[in-house]
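Read through the structure below, which is laid out as structure tokens, and then see the notes.
This structure is a prediction, so every number in the text was calculated from the model and none was measured. Along the sequence shown, the residues carry numbers beginning at 1.
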Amino acid sequence: MTTHDDDRLIQRVVVLLDGSRRAQLLLDEAARLAKREGAELVGLFVEDTELLRAASLPLGGEIGLVSGSLRPVAPEALERRLRQQAGRLQALLAATAGRHALRWRLEVNRDRLEAAALAATMADDLLVLYRAGWRHPPEGGFASRTLSRMLGAARCRVMMLGERVSAGAHPILVFQTPDEAGQRAMNEALRLAQATNQELLVLLPPGVERDERTRAAIEAWSARQDRRPRYLAFEGDIMALIALLQRERAGALVLPRGHALLRGVAGEHLLEASDSALIVVP
């Protein structure tokens with residue numbers, strides 16, 4: 001079941017930052033991940049060209065959070081604000097990496113948001129995002145459509161953090177499926193459960209049996225961890241899955257890229273309604 005490519009170490013934890021007040025919490029979680037993986041911590045700040053283009057239009061502006069009114073923003077003011085945000089993030093990143101004794105750097109790219117994130121990552125990276133922003137816009141985060149485009153094109157693992165930021169101290173959930181994409185997701189769930197010493201909860205869709213490859217990998221994991229995973233037959237819809245994540249207080253749900261639960265309305269609802277971390281494996 002396990003291949004050399006599946007076992008490759010994560011070389012860099014790349015965290016996509018904006019100027020929100022959630023940046024420190026996101027950096028703290030990314031730093032813990034980088035420390036655990038022995039990886040470099042890379043902060044990525046994108047000067048979004050769509051935002052800059054909008055500011056240059058005659059009717060361009062921003063909506064005030066308190067007044068709700070449209071106010072003009074000069075391109076020069078926006079450029080200055082972006083430089084200030086990058087400086088603040090660099091200081092936060094340096095302090096956070098220092099506390100964890102990590103190698104670090106900040107990359108500042110000017111492009112469309114998802115294009116910059118995809119161009120900045122490689123196959124052995126972990127891209128970390130905060131996804132709760134559309135429920136609480138002042139908190140920061142990125143819109144579901146932007147996240148969906150990233151998921152569909154990312155070459156690396158992607159971890160999306162929700163309201164409950166840390167993935168620790170809660171079970172890791174994964175679907176068992178016989179296809180290669182499902183096997184890669186299972187590999188990642190086993191690796192994560194071992195690295196964090198957490199329980200593994202394997203969800204069995206209708207008609208799926210425990211195949212030999214999965215059985216051997218789980219038995220090896222069980223021997224190393226001195227614990228057995230739980231198995232749960234699951235045949236519900238997206239609402240049933242979200243209820244299960246909440247009931248289990250899941251630390252993370254691991255899915256392969258292209259899984260049906262990540263597509264269309266179901267995928268957007270999963271992103272919006274679940275507070276658990278979501279890990280998507282290419």
(message) For a 4.5 angstrom cut-off between non-hydrogen side-chain atoms, does Leu203 reach Leu241?
(response) yes

(request) Step by step, work out the side-chain contact (heavy atoms from CB on, under 4.5 Å) result for Leu190 and Leu200. (result) CA-CA 7 Å; Leu190 290 167; Leu200 181 68; 3.4 Å; yes

(request) Using a 4.5 Å cut-off on heavy atoms from C-beta on, say whether the side chain of Arg110 contacts that of Val46. (result) no

(message) Taking the basic N atoms (NZ, or NE/NH1/NH2) and the acidic carboxylate oxygens, is any pair closer than 4.0 Å for Arg12 and Glu107?
(response) yes

(request) Taking the side chain as every heavy atom from C-beta outward, state whether His170 and Gln198 have any pair of such atoms under 4.5 Å apart. (result) no

(message) I'd like to know if the side chain of Arg155 reaches the main chain of Thr121, judged simply by a donor and an acceptor atom lying under 3.5 Å from each other, with no hydrogens or angles considered.
(response) yes

(request) Would you name the heavy atoms of Cys156 and Pro282 that are closest together and state the gap between them? (result) O-CD, 3.6 Å

(request) Determine, for Glu199 against Arg227, whether the closest basic-nitrogen to carboxylate-oxygen distance falls under 4.0 angstrom. (result) no

(request) Please check if Leu118 and Val14 belong to a single hydrophobic cluster, counting links between Ile, Leu, Val, Met, Phe, Trp and Tyr side chain heavy atoms closer than 4.5 Å. (result) no

(request) Evaluate the side-chain proximity of Thr96 to Arg99: yes if any heavy-atom separation is below 4.5 Å, no if none is. (result) yes

(message) I'd like to know if the side chain of Arg230 and the backbone of Val202 have a donor-acceptor N/O pair within less than 3.5 Å.
(response) no

(request) Measure the CG-CG distance between Leu245 and Asp275 for me, rounded to the nearest 0.5 Å. (result) 10.0 Å

(request) Rounded to the nearest 0.5 Å, what's the gap from CG on Leu17 to CG on Leu129? Could you check? (result) 10.0 Å

(request) For Leu270 and Leu253, run side-chain contact (heavy atoms from CB on, under 4.5 Å): C-alpha distance rounded to whole Å, both residues' side-chain angles, the deciding distance at 0.1 Å, then the answer. (result) CA-CA 11 Å; Leu270 177 62; Leu253 171 66; 4.3 Å; yes

(message) Do Leu255 and Ile238 sit in one hydrophobic cluster, given that two such residues count as connected whenever their side-chain heavy atoms are within less than 4.5 Å of each other, even indirectly?
(response) yes

(request) Measure the spacing between CG of Leu127 and CG of Leu44 and express it to the nearest 0.5 Å. (result) 8.0 Å

(request) Determine whether Gln11 and Glu37 make a side-chain contact, defined as any pair of heavy atoms from C-beta on separated by less than 4.5 Å. (result) no

(request) Compare all side-chain heavy atoms of Val13 with those of Val128 and state whether any distance is below 4.5 angstrom. (result) yes

(request) Please check if the side chain of Arg224 supplies one atom and the backbone of Gln194 the other of a donor-acceptor pair under 3.5 Å. (result) no

(message) Rounded to the nearest 0.5 Å, what separates atom CG in Leu25 from atom OH in Tyr130?
(response) 8.5 Å

(request) Check side chain to side chain donor-acceptor pair (under 3.5 Å) between Arg80 and all other residues, then give those that pass, not counting sequence neighbours. (result) none

(request) Using the test side chain to side chain donor-acceptor pair (under 3.5 Å), find all partners of Asp226 that sit at least two apart in sequence or belong to another chain. (result) none

(request) Give the minimum heavy-atom separation between Ala252 and Leu192, together with the two atoms involved. (result) CB-CD2, 4.1 Å

(message) Strictly below 4.0 Å, N to O, side chains only: are Glu114 and Arg112 in salt-bridge contact?
(response) yes

(message) So which atom in Ala120 and which in Asp125 form the shortest heavy-atom distance, rounded to 0.1 Å?
(response) O-OD2, 4.1 Å

(request) Could you state whether Met122 and Leu16 fall into the same hydrophobic cluster, counting links through intermediate Ile, Leu, Val, Met, Phe, Trp or Tyr residues with side-chain heavy atoms under 4.5 angstrom apart? (result) no

(request) Indicate the atoms forming the closest heavy-atom contact of Ser274 with Ser276, along with that distance. (result) OG-N, 3.2 Å

(message) Restricting to side chain to side chain donor-acceptor pair (under 3.5 Å), what partner residues turn up for Arg88, sequence neighbours left out?
(response) none

(message) I need the Trp104 CH2 to Leu27 CG distance, nearest 0.5 Å.
(response) 10.5 Å

(request) Could you tell me whether the side chain of Leu161 reaches within less than 4.5 Å of the side chain of Leu26, counting heavy atoms only? (result) yes

(message) Could you see if Leu244 belongs to whatever hydrophobic cluster contains Leu261? Use Ile, Leu, Val, Met, Phe, Trp, Tyr and a side-chain cutoff under 4.5 Å.
(response) yes

(request) Nearest 0.5 Å please: distance from the CZ atom of Arg228 over to the CD1 atom of Ile218. (result) 8.5 Å

(request) Kindly determine whether Ile10 and Asp124 satisfy side-chain contact (heavy atoms from CB on, under 4.5 Å), including the steps that lead there. (result) CA-CA 5 Å; Ile10 291 173; Asp124 52 5; over 6 Å; no

(message) Between Asp179 and Gln183, do the side chains contain a donor N or O and an acceptor N or O under 3.5 Å apart?
(response) no

(message) I'd like to know whether Leu201 forms a side-chain contact (heavy atoms from CB on, under 4.5 Å) with Ile172, so could you lay out the CA-CA distance, the side-chain angles of the two residues, the decisive distance to 0.1 Å, and finally the verdict.
(response) CA-CA 6 Å; Leu201 177 54; Ile172 309 301; over 6 Å; no

(request) For residues Met186 and Gln176, determine if any side-chain heavy atom of one lies less than 4.5 Å from a side-chain heavy atom of the other. (result) yes

(request) For Val280 and Pro256, work out which heavy atoms get closest and say how close. (result) CG1-C, 4.3 Å

(request) Give a yes or no answer on whether the side chain of His100 reaches the backbone of Leu102 with a donor-acceptor pair at less than 3.5 Å. (result) no

(request) Could you pull out the closest heavy-atom pair between Leu262 and Arg257, with the gap in Å? (result) CD1-CA, 4.4 Å

